[in-house]
Protein chains: 2
Amino acid sequence: MTRPVKSKNKEDILDLAIPLFAQSGYTGVSMRDIASAVGIKAASLYHHFPDKQTLYLQAMARAFEDKAQGFATALTVTGTPEKRLAGFVQIFTTLMCKDPEFRALLQRELLDGDEVRLKKIASEVFREPFVAMEALADELAPGCDAHMVAISIASLILYHLETAPIRRYLPGGKARHNKPEVISRHVTGLLLHGLKGCGK
Amino acid sequence: MTRPVKSKNKEDILDLAIPLFAQSGYTGVSMRDIASAVGIKAASLYHHFPDKQTLYLQAMARAFEDKAQGFATALTVTGTPEKRLAGFVQIFTTLMCKDPEFRALLQRELLDGDEVRLKKIASEVFREPFVAMEALADELAPGCDAHMVAISIASLILYHLETAPIRRYLPGGKARHNKPEVISRHVTGLLLHGLKGCGK
DNA sequence: GTCTATAGCCGGATAGAC
DNA sequence: GTCTATCCGGCTATAGAC
């Protein structure tokens, strides 16, 4: 006797849609694609979501939820400001290395996201850890523009990962340049001591 | 007597297609959209290009050509390694600020570009200036990983611009953070002296 | 070189049976 | 909650007139 296949709930559908949107973007994914990944027909999706927009927005909400908490964890390191920076960079880099889907969705939102969506991501995902980063920046470099410093720290980590597909073809590109230990070590040295410190 | 509207050549079409692809990506732009921007019917595009793929690839080739030369110019500054770095950062930042289309296309290629396209962009657009950057990196920070240093420099500049849409909604974000002078000053200080130097 | 017309497919979305 | 069937519009691409 065959057991009936368990019905899918909204969360299951969103979890299957997220990697598709990360891979191909909103316009690159059809309702049929999502249905096919879930193992149902496209029409059945409309029992769970009124339209594609809504499905997408809920998938984004789910993909970004709990990220704020992960980032907050990266800022719980204690000790001197230097130690806390090193700890944050290491944990944040490892987190981002493990989550290429999150990175792709963020990149796509930066390109295509409307005001409402970006505002929501800013306040619900990044605001809290960003404020903590600014506070740390102010300790490490008093008088500097804390906003720019916080962005610079994120830049160094995220752009190394974002450029991975093309760095393969640029001189000196090695596989180890994508490892979180290598990136976080480089970034920490650079932040603390400038170019002179990046071999530390 | 009305003068006949001048027929469009391939280059005119590509120049009109480039901003569309930058704005909405490959799947987000239809042949009708392009035709409409050009002022002709979609069918007429097929007189110039065999298919959409080819049109897109030629538009990319055109959007990226001559960029290598612009980057090379940024590296012609003479003087101490520090002066040359400062000069490069300033010129490169100004160039990138003025060309949001190029930045968007690059971001989209990093997300969606296949191996062949990325390899081509790497060798034809970035290779030469990248090598020069690595040489400069080696002077400024001998013994460091020049590849990582070159990427870090680009990161700092490009990510400040890439994140502009969301930085508006993050604490401390000001309009001046998008100005090339402000960015290049911050980046140069950070590179030369670490966080302590970014207020220089 | 551009047009009209159209083929043929794929997209989002709905109706109604089970 | 999922299905089949279907609508309709948009998509790429082609044929052939001008």
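Chain naming here is simple, since letters A, B, ... match the order of the sequence lines and numbering starts at 1 in each.
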Nucleotide D:dT12, atom P - distance to OH of B:Tyr26 in whole Å: 8 Å
Protein-nucleotide distance (B:Leu45, atom CG; D:dC11, atom C1'), rounded to Å: 13 Å
Spacing of B:Met31 atom CE relative to C:dT6 atom P, expressed in whole Å: 21 Å
Aromatic ring proximity, centroids under 6.0 angstrom, B:Phe126 and B:Phe130: no
A:Arg62 bridged to A:Glu11 by N-O distance under 4.0 Å: no
Proximal nucleotide (of D:dT14, D:dA13, C:dA13) relative to the B:Ala43 side chain: D:dT14
NZ/NE/NH1/NH2 to OD/OE distance under 4.0 Å, B:Arg176 and A:Asp145: yes
Spacing between B:Ile13 atom CD1 and C:dT2 atom C1', to the nearest angstrom: 11 Å
Between P of C:dG11 and CG of A:Leu55, the distance in whole Å: 15 Å
Sugar-phosphate, base or nothing in reach of A:Val38, heavy atoms under 4.0 Å: nothing
Donor-acceptor pair under 3.5 Å, A:Arg32 side chain vs C:dG11 base: yes
Phosphate OP1/OP2 of D:dC3: any A:Ser44 side-chain N/O under 4.0 Å: yes
Touch class at under 4.0 angstrom, heavy-atom based, for A:Lys41 against every strand present: base
Length of the line joining A:Ile40:CD1 and D:dT4:C1', which is rounded to integer Å: 14 Å
B:Tyr46 OH to C:dC3 P, straight-line distance once rounded to whole Å: 14 Å
Residue pair B:Gly70 / B:Leu95: nearest heavy atoms and the distance that separates them: O-CD1, 3.6 Å
B:Ser30 vs A:Ala42, nearer the 5' end of DNA chain D by closest nucleotide: A:Ala42
Contact under 4.0 Å: B:His47 side-chain N or O vs D:dT14 OP1/OP2: no
Separation of C:dG1 P from B:Lys10 NZ (nearest whole Å): 11 Å
Lys/Arg-Asp/Glu bridge criterion (N-O < 4.0 Å) met for A:Lys120, A:Asp114: no
